[in-house]
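Per chain, numbering begins at 1; letters A, B, ... match sequence-line order.
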Protein chains: 2
Amino acid sequence: MSAATAALDESRALFIRRWGEMANYWGINRTMAEIHALLFVSTEPVCTDDVMARLQVSRGNASMNLRSLVDWGLIQRVHIRGDRKEYFTALTDVWQLFETIVRQRRRREVEPILETLARCREMAAQDAGPKSARNPSARAYMQRLDDMEKFLKAVGAMVDLLVKVGPRGIGRVSSMIMKLAG
Amino acid sequence: MSAATAALDESRALFIRRWGEMANYWGINRTMAEIHALLFVSTEPVCTDDVMARLQVSRGNASMNLRSLVDWGLIQRVHIRGDRKEYFTALTDVWQLFETIVRQRRRREVEPILETLARCREMAAQDAGPKSARNPSARAYMQRLDDMEKFLKAVGAMVDLLVKVGPRGIGRVSSMIMKLAG
DNA sequence: TGAAAGTTTCAGTATGCTCTGAAACTAATG
DNA sequence: CATTAGTTTCAGAGCATACTGAAACTTTCA
């Protein structure tokens with residue numbers, strides 16, 4: 001790196017730092033996010049030693065988190081001809097990134113809740129069956145469960161649609177919305 | 001609670017448990033989520049002692065988390081005539097819930113990133129200015145920053161729209177997107 | 001105003017997540 | 001096959017966050 005790229009390096013470092021700080025909010029650990037950010041801002045493939053040096057983490061830590069990121073599908077292993085090391089690159093198409101994250105989060109967060117909602121409803125129905133309109137508390141509760149379910153499914157469908165139409169679709173949709181919203 | 005509501009109670013307990021388990025993923029603590037769930041499934045207002053008893057937590061813990069939930073705008077204090085205690089109820093309109101959460105998360109997660117993206121771009125521009133189309137690495141990097149920014153703004157606008165149109169409009173927006181995509 | 005009821009705060013403790021570093025393992029090469 | 005380069009695993013240490021319980025504070029009522 002020449003002196004001419006000082007600002008560029010600093011810029012990348014800033015991005016990595018901020019990305020890492022956001023990790024808490026996403027329920028993933030800081031290092032994992034930082035590694036992802038490092039790969040995202042790197043135009044060249046990056047190896048484990050690079051990660052260790054740039055982020056000041058141990059080999060074990062780097063290895064574990066790289067593996068997790070690969071499992072998530074957020075980064076890929078690449079091999080460089082004539083080099084024995086493994087290198088990694090990030091998905092740089094933000095749209096693909098979005099799709100990957102959405103798929104994972106749905107599996108981990110939305111689906112278990114939908115499942116639970118269904119079970120809760122079933123159980124509650126025992127106490128609020130057709131005969132006992134007299135149990136308004138149970139009915140109100142079930143109504144809330146249903147609302148939640150409907151909501152989750154509606155938003156899920158929306159997101160599916162977004163993923164499907166991709167960057168081109170959303171560009172048009174959002175610019176249209178921008179105009180509408182002023 | 002009569003014996004007849006055993007299944008109902010169990011149903012509520014299940015919902016609370018699952019909601020709490022999801023808390024990690026949302027970057028909030030388990031107890032806070034459980035309290036919210038408890039209020040969400042309760043048709044009657046709930047007081048601090050109820051929370052302590054149902055969730056087996058200390059007074060301090062209950063108090064702190066109730067306060068946080070009020071700060072977030074996810075629950076409200078209510079006063080019951082003739083009773084000195086403070087009671088709480090949850091927002092039960094899931095769309096309102098959605099709006100509240102979206103507003104908070106945007107402030108905490110999206111806006112800092114947009115800010116950082118802008119700063120990163122500025123810094124990088126020093127090394128990739130008009131004269132040096134020779135620095136392809138810097139250009140590629142900036143391209144990624146721009147893509148990310150565009151993406152975040154587009155999705156943000158999309159979410160705004162969802163919030164605005166609410167439960168009834170979601171179907172219409174979907175079909176609109178379908179048309180644009182198709 | 002004093003007593004009673006209720007709420008908040010916070011220092012110390014407990015819990016659980018993350019990280020390290022070294023050993024075990026695997027794959028490539030001569 | 002032995003050697004070397006590279007990767008993964010994991011027990012234990014370190015760190016950060018959440019929780020408790022008791023004391024301080026506030027509000028209400030007689």
Out of [options], which has the shortest distance to the side chain of [X]?
{"X": "Arg84(A)", "options": "dG21(C), dT8(D), dT29(C)", "value": "dT29(C)"}
{"X": "Glu86(A)", "options": "dT9(C), dT8(D), dC19(C)", "value": "dT8(D)"}
{"X": "Asn61(B)", "options": "dC10(C), dT8(C), dC19(D)", "value": "dC19(D)"}
{"X": "Ser58(B)", "options": "dT8(C), dT7(C), dT20(D)", "value": "dT20(D)"}
{"X": "Lys85(A)", "options": "dT17(D), dT7(D), dT20(D)", "value": "dT7(D)"}
{"X": "Asn65(A)", "options": "dC19(C), dT9(D), dT7(D)", "value": "dC19(C)"}
{"X": "Ser63(A)", "options": "dC10(C), dT9(D), dC19(D)", "value": "dT9(D)"}

Give the rounded distance in Å between these two atoms: [atom1] of [X] and [atom2] of [N].
{"X": "Arg67(A)", "N": "dC19(C)", "atom1": "CZ", "atom2": "C1'", "value": "17 Å"}
{"X": "Phe88(A)", "N": "dT8(D)", "atom1": "CZ", "atom2": "C1'", "value": "11 Å"}
{"X": "Trp26(B)", "N": "dT17(D)", "atom1": "CH2", "atom2": "P", "value": "20 Å"}
{"X": "Arg59(A)", "N": "dT7(D)", "atom1": "CZ", "atom2": "C1'", "value": "8 Å"}
{"X": "Asp50(A)", "N": "dT7(D)", "atom1": "CG", "atom2": "P", "value": "11 Å"}
{"X": "Met32(A)", "N": "dC17(C)", "atom1": "CE", "atom2": "P", "value": "15 Å"}
{"X": "Glu21(A)", "N": "dA16(D)", "atom1": "CD", "atom2": "P", "value": "14 Å"}
{"X": "Asn29(A)", "N": "dT17(D)", "atom1": "CG", "atom2": "C1'", "value": "15 Å"}

I need the Leu145(B) CG to Phe40(A) CZ distance, nearest 0.5 Å.
7.0 Å

How far does CG of Leu55(A) sit from CD1 of Ile16(A), to the nearest 0.5 angstrom?
6.0 Å

Answer yes or no: does a side-chain N or O of Thr48(A) lie under 4.0 Å from OP1 or OP2 of dG6(D)?
no

Below 4.0 angstrom from OP1 or OP2 of dC19(C), is there any side-chain N or O of Thr31(A)?
yes

Quick one: is the NZ or CZ of Arg108(A) closer than 6.0 Å to the six-membered ring centre of Tyr25(B), and within 45° of its axis?
no

Walk me through whether Glu122(B) and Arg119(B) qualify under salt bridge (Lys or Arg N to Asp or Glu O under 4.0 Å).
CA-CA 5 Å; Glu122(B) 226 174 273; Arg119(B) 277 199 59 210; over 6 Å; no

With a sphere of 6.0 Å drawn around CD of Gln104(A), does it hold more than 12 non-hydrogen atoms of other residues, nucleotides or ligands?
yes

